[in-house]
Protein chains: 2
Amino acid sequence: MATISDVATLAGVSTATVSRALNGKATVDPELSARVVAAAEELGYRPNGPARNLRKQETAVLALIISDVENPFFTAIARGVEDVAHAAGYSLVLCNSDDEPDKEREYVDVALQERVAGVLLSPTGNTDTTELLDRNTTPVVAVDRPLPERTSDTVLLDNRLAAEEATLHLARRGYRRIGCLPGPSGILTADERLAGYRDGLRSAELPGSTTLVRRSRFKAEGARQSARSLLDRPDPPDALLVANNVMAVGVLQTLADLGLRPGRDIGVVAFDDAPWTTLLDPPLTVVAQPAYDMGAVAAQLLLDRLTAPGEPPTTQTLSAKLVVRGSTTR
Amino acid sequence: MATISDVATLAGVSTATVSRALNGKATVDPELSARVVAAAEELGYRPNGPARNLRKQETAVLALIISDVENPFFTAIARGVEDVAHAAGYSLVLCNSDDEPDKEREYVDVALQERVAGVLLSPTGNTDTTELLDRNTTPVVAVDRPLPERTSDTVLLDNRLAAEEATLHLARRGYRRIGCLPGPSGILTADERLAGYRDGLRSAELPGSTTLVRRSRFKAEGARQSARSLLDRPDPPDALLVANNVMAVGVLQTLADLGLRPGRDIGVVAFDDAPWTTLLDPPLTVVAQPAYDMGAVAAQLLLDRLTAPGEPPTTQTLSAKLVVRGSTTR
DNA sequence: TTGTACGCGTTATCAT
DNA sequence: ATGATAACGCGTACAA
């Protein structure tokens, strides 16, 4: 592949002039500049990124490490991040940690080694990752969940309040035995949603009971098992609060298998307003998270940090919106 | 951030020894090696990627440029690619071209500049991209669609056959006026699906008619408009073949708006077996693409190319599977 | 086995 | 305005 000195030779100038011409630096003689551009074009010259990054000690690349590329919530975040990053001249690379602490650590490691300008992360809770980040000065923004044992710029959702609202909504609709599938313990969004669920039960003066809670991974399969185990009880729940849209798929499949119709037979609220939720009969009541905005805000926070490294970290908490549909109407 | 010479100084050895010890090269005195490792750990040393890549003239990073991160089909491809890449010691970075030729070109440019080991791409059809790739030796694998005007390793699906089968299925189920929403013209998958649809009509001895075809982007909104425009006709179709799952959402919403029940009132087949398609009532008949496998095969093709650069490019064509469900049962 | 020294391709500094 | 050259951090050929 052609290098800068190939271009220089062809254009009959020095490498310094090529660099200046191609980067629009200083004042370069228009004629020379034209020669350089022509030569670069002819050779298909493309600056060597590693060399440039090495020399400049910086890159225009941001890394976003999300826990599930197949979850529309996270891909919507990615869109938000990308739009903002792109507008500011940064490229975004996406990595999928699959909610596995090891993979997360690995990708953070790669990002750090490649000296990306900044990292956006929806942490699994791996303290190794935190430690890794602590030892470096690369700016980090946590999205959706905070970093464990570390302050950083953070974009969160008020999960607790959202879960409480959803639970209260179910109670107001007359459901009395409300179950909850909050997701895995140890992940803050899951724990918060569980706490909010309990708040809601308390406010509604409904009896809380751990027998109505089943924890699992944020996957369809886990949710299927949890739902099945709840509904097979002698005293099954008459409503379910489900922690995300991937789990919702599992739950709804289980309900269908059991011949239970959402709304009439069992109230259902799930987090995330996926496009398909309106297609169901009845359509699904959801807690809509402003995923795109969360991504956009996170990216902006990171960009701000890059230009003003001194400032103290901030946490922005966005609000969800309950979208009431048929699955909570008897 | 600590450099290799910082480590060398702390361990009381030369940088060469540090390099050798950390990379497990040659034979290094165990005691020295231990000192090096300890020093590296103490300093939180992390090799400088750009410097290493510059020196080695290679990276262990693959780039996957897909046209829609919010489409489960492409994210499933990404999973397939990632699993294979990861197992071979490569990291994967994901870029979202949003089916915009300019963005695609830009990301290819970035990937080339960063000297990634290889590129996987679901091309928009941008010939600028092809030209860019042609001028470089970086291995490329096209996924889902071929590169325009260029041979390369390619992983395709037999879209034409799949569309024909789907159309024939509709015909056998008694639908007579079958419409088609194949996606944008100029994108091969769309054109092939349209061709297969016409094949199917011919085989079934049904009259083909361009008035039953509406082209749009691979988006829900485009599909909504297309569906509406078809169904508002005095002689509307009694069945629809829809080119992907994102468009299917738009179509199904439109049917619901019009009070049309899939299966009974109008047959519906869509490409892509998204998780939610079984939740509908009636569940959706789909053309299931082996997306994960397509990604895995593509990654393997790329890895093979990296180890054996000389070989002629190959094209692998996988087959789709028609999954019959209620939306094609009257 | 270990250390010295060079070069990867680029940008920035310093003369000219 | 332009050119020569040093330096970024690393790996490796060569010398010891």
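These numbers come from a predicted model, not from an experiment.
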Could you go over nucleotides 6-9 of chain D and give all protein N or O partners under 3.5 Å, atom names and distances?
| residue | atom | partner | partner atom | Å |
| --- | --- | --- | --- | --- |
| D:dA7 | N3 | A:Arg55 | NH1 | 3.2 |
| D:dC8 | O3' | A:Gln57 | NE2 | 3.1 |
| D:dG9 | OP1 | A:Gln57 | NE2 | 3.1 |
| D:dG9 | N2 | B:Ala51 | O | 3.4 |

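Less than 4.0 Å separates DNA chain D from at least one heavy atom of each of the following residues of residues 13-23 of chain B: B:Ala16, B:Ser19, B:Arg20, B:Asn23. Of the residues in residues 29-38 of chain A, not one comes within less than 4.0 Å of DNA chain C through any heavy atom.
Between its two ends, the helix from C:dT1-D:dA16 to C:dT16-D:dA1 turns its axis by 40°, counting five pairs per end and rounding to 10 degrees.
Under the salt bridge (charged side-chain N to carboxylate O under 4.0 Å, His left out) criterion, A:Arg35 pairs with A:Glu31, not counting sequence neighbours. Under the salt bridge (charged side-chain N to carboxylate O under 4.0 Å, His left out) criterion, A:Arg52 pairs with no residue, sequence neighbours left out. With sequence neighbours excluded, no residue forms a salt bridge (charged side-chain N to carboxylate O under 4.0 Å, His left out) with B:Glu114. Every residue was checked against the salt bridge (charged side-chain N to carboxylate O under 4.0 Å, His left out) condition with A:Arg217, not counting sequence neighbours, and none meets it.
The interatomic distance linking A:Arg46 (CZ) with C:dT10 (P) rounds to 12 Å, in whole Å. Separating the CG atom of A:Leu43 from the P atom of C:dG9 is a distance of 14 Å, rounded to the nearest angstrom. Computed from coordinates, the A:Asn53 CG to C:dG9 C1' distance equals 11 Å when rounded to whole Å. The distance between atom CD of B:Gln113 and atom P of C:dT10, rounded to the nearest whole Å, is 10 Å.
In terms of heavy-atom proximity, A:Thr15 sits nearest to A:Ile4 at O-CD1, 3.7 Å. In plain terms, the two heavy atoms of B:Ser152 and B:Thr315 that are nearest each other are O-OG1, 4.4 Å.
Summarising the geometry, atom CG belonging to B:Asp68 is positioned 9.5 Å from atom OG belonging to B:Ser122; distances are rounded to the nearest 0.5 Å.
Residue pairs that meet the salt bridge (Lys or Arg N to Asp or Glu O under 4.0 Å) test with at least one member in residues 36-49 of chain A, sequence neighbours left out, are A:Glu41-B:Arg135, A:Arg46-B:Asp109. For residues 54-66 of chain B, no residue pair satisfies the side chain to side chain donor-acceptor pair (under 3.5 Å) rule, not counting sequence neighbours. Legend: salt bridge (Lys or Arg N to Asp or Glu O under 4.0 Å) pairs involving residues 70-87 of chain A, not counting sequence neighbours, sorted by first then second residue: A:Glu70-B:Arg79, A:Arg79-B:Glu70, A:Arg79-B:Asp98, A:Glu82-B:Lys103.
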Using atom types as modelled, flag every donor-acceptor pair under 3.5 Å from a side chain in residues 86-95 of chain A to any protein atom, sequence neighbours excluded.
| residue | atom | partner | partner atom | Å |
| --- | --- | --- | --- | --- |
| A:His86 | NE2 | B:Glu106 | OE2 | 2.8 |

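Under the 3.5 Å distance criterion, with hydrogens and angles disregarded, a donor-acceptor pair is assigned to the side chains of B:Ser14 and B:Thr17. Counted by atom type alone, A:Glu104 and A:Thr124 present one or more donor-acceptor pairs between their side chains at under 3.5 Å.
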